[in-house]
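Following: one structure in structure tokens, then a few remarks.
Worth saying up front: this structure is predicted, and the values here are computed from it rather than measured.
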Amino acid sequence: LQALQAAFRDPSSPMYLAPGTNGPASPGEYELSLQSTESSGVLSDAPSLDQILEQGRTKLVQAGFHHPTIWEQPIAWGDQDSFQHVNNVQYVRYFESSRIRWMMHLGTRLGGPAKAEALSKGKGISLIIKSLNINYRRPVTYPDTLLISHKPILPKEPTQLLDSNSVNIQPPSDPAALLLTSSAFSVSQQAFVAHCHETLVWYDYEKLRKSVPDEEYRTAVWEPYLQKDSAGKE
């Protein structure tokens, strides 16, 4: 709530309320008033939505994520619960959408659009999720947009978190396992609001059993993150 109130007081925020004015009675009224204000030029000096989205993408890239894999997740009014913030369960879906985007880019590196489709639909050798753990940092409310991205973690190093208070996840001993970490960044708050740590397993959908990936797959996973300029907009 403190972050939300700060957004109301921040002139650069799209949720800014000038002194002496009242907030909207409904989400629809908020959207209409925002459109009217923008068209009148009152917010001409404030950052545009594209600018604050790009600021968020830059923060994710600085945290080690790959720009093309960033997933944009608009918050719907119905994502909130009776506590008036996005329900914790919703984040599982958000991170799932980001993970599928990451897998599509992985498939493209492995063999183009056809391989990307096969990887996302569980054909041949693909990935299946084994477990996930979400650390919540800040409440999120409507209206907002989250920027989410995934990246792999080296098997022999502890999980490097953006939140020093979080607990490290032990690396897997299973050679068929793949560790991913992901973060959700709130555009309106310009801050990270949640982190997710996942264990995936390479799986042979034809033989219906897990599979140890060969060098081609390992190279495709790590290639964007082992290059100096991997943060570029490729």
Side-chain angles (χ1 to χ4, degrees), residues 60-61 63-73 87-137 146-163 166-185 192 194-227 230-231 234:
L60 282 168
V61 170
F65 296 98
H66 192 211
H67 196 289
T69 67
I70 296 175
W71 172 258
E72 186 175 317
Q73 178 67 57
N87 187 275
N88 291 348
V89 177
Q90 295 289 344
Y91 288 86
V92 177
R93 290 294 189 192
Y94 298 164
F95 284 113
E96 177 184 56
S97 295
S98 171
R99 182 172 66 254
I100 294 301
R101 182 178 181 88
W102 180 86
M103 288 176 60
M104 293 291 287
H105 279 270
L106 172 62
T108 300
R109 292 193 295 278
L110 281 166
K115 187 65 176 179
E117 181 179 6
L119 198 68
S120 65
K121 293 186 177 180
K123 297 179 180 180
I125 304 297
S126 186
L127 287 161
I128 189 169
I129 190 164
K130 179 180 180 180
S131 64
L132 61 82
N133 177 68
I134 300 177
N135 298 315
Y136 302 96
R137 294 188 63 184
L146 299 183
L147 298 174
I148 310 172
S149 191
H150 278 67
K151 63 180 179 180
I153 304 170
L154 287 171
K156 294 183 180 180
E157 70 177 16
T159 304
Q160 294 181 353
L161 306 180
L162 298 172
D163 181 2
S166 299
V167 178
N168 285 342
I169 307 300
Q170 294 298 318
S173 57
D174 186 351
L178 173 65
L179 286 182
L180 296 180
T181 185
S182 56
S183 294
F185 185 88
F192 287 98
H195 302 302
C196 183
H197 306 285
E198 307 171 11
T199 299
L200 277 61
V201 174
W202 290 102
Y203 193 80
D204 188 329
Y205 280 86
E206 294 180 358
K207 298 180 180 179
L208 299 180
R209 65 188 184 192
K210 63 183 180 180
S211 172
V212 178
D214 58 25
E215 187 63 28
E216 176 189 13
Y217 284 85
R218 289 192 292 269
T219 299
V221 166
W222 287 102
E223 186 177 26
Y225 307 93
L226 298 180
Q227 300 172 358
S230 64
E234 301 167 4

Of all the heavy-atom pairs spanning [X] and [Y], show the shortest one and how long it is.
X	Y	answer
Y225	G64	CD2-O, 3.7 Å
R101	T69	CD-O, 3.4 Å
K151	F65	CG-CE2, 3.6 Å
S98	H150	OG-ND1, 2.8 Å
L60	I148	CD1-N, 4.2 Å
L180	I153	C-CD1, 4.0 Å

side-chain hydrogen bond (donor to acceptor under 3.5 Å, both in side chains) against [X], all qualifying residues, sequence neighbours excluded:
X	value
Y203	none
S211	none
R109	none
W202	none

Tell me which donor-acceptor pairs under 3.5 Å the side chains of residues 114-123 have, and how far apart each pair is, sequence neighbours excluded?
residue	atom	partner	partner atom	Å
K115	NZ	Y217	OH	3.1
E117	OE2	K121	NZ	2.9
S120	OG	A116	O	3.3
S120	OG	E117	O	3.0

Test item: [X] and [Y] side chains (from C-beta on) under 4.5 Å apart, heavy atoms:
X	Y	value
I125	D214	no
W102	P152	yes
L179	H197	no
I100	W71	no

| said: I129: which residues meet the side-chain contact (heavy atoms from CB on, under 4.5 Å) condition with it, sequence neighbours left out? | reply: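 Checked I129 against side-chain contact (heavy atoms from CB on, under 4.5 Å); matches are R99, L132, E198, L200.
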| task | Sequence neighbours left out, what passes ring-ring contact (aromatic ring centres under 6.0 Å, His included) with F185? Give chain and number order. | result | F192
| So which pairs with a foot in residues 199-210 pass salt bridge (Lys or Arg N to Asp or Glu O under 4.0 Å), sequence neighbours left out? | D174-K210
| side-chain contact (heavy atoms from CB on, under 4.5 Å) assessment of Y91 paired with C196 | CA-CA 9 Å; Y91 288 86; C196 183; over 6 Å; no
| said: Using modelled atom types and a 3.5 Å cut-off, is there a donor and acceptor pairing between side-chain atoms of Y136 and backbone atoms of N88? | reply: yes
| Does S97 reach the main-chain N or O of R93 with its side chain, forming a donor-acceptor pair under 3.5 Å? |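 Looks like yes, one N/O pair under 3.5 Å.
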| message | According to salt bridge (charged side-chain N to carboxylate O under 4.0 Å, His left out), who are the partners of R218, at least two apart in sequence or on a separate chain? | response |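 Expected list: E215.
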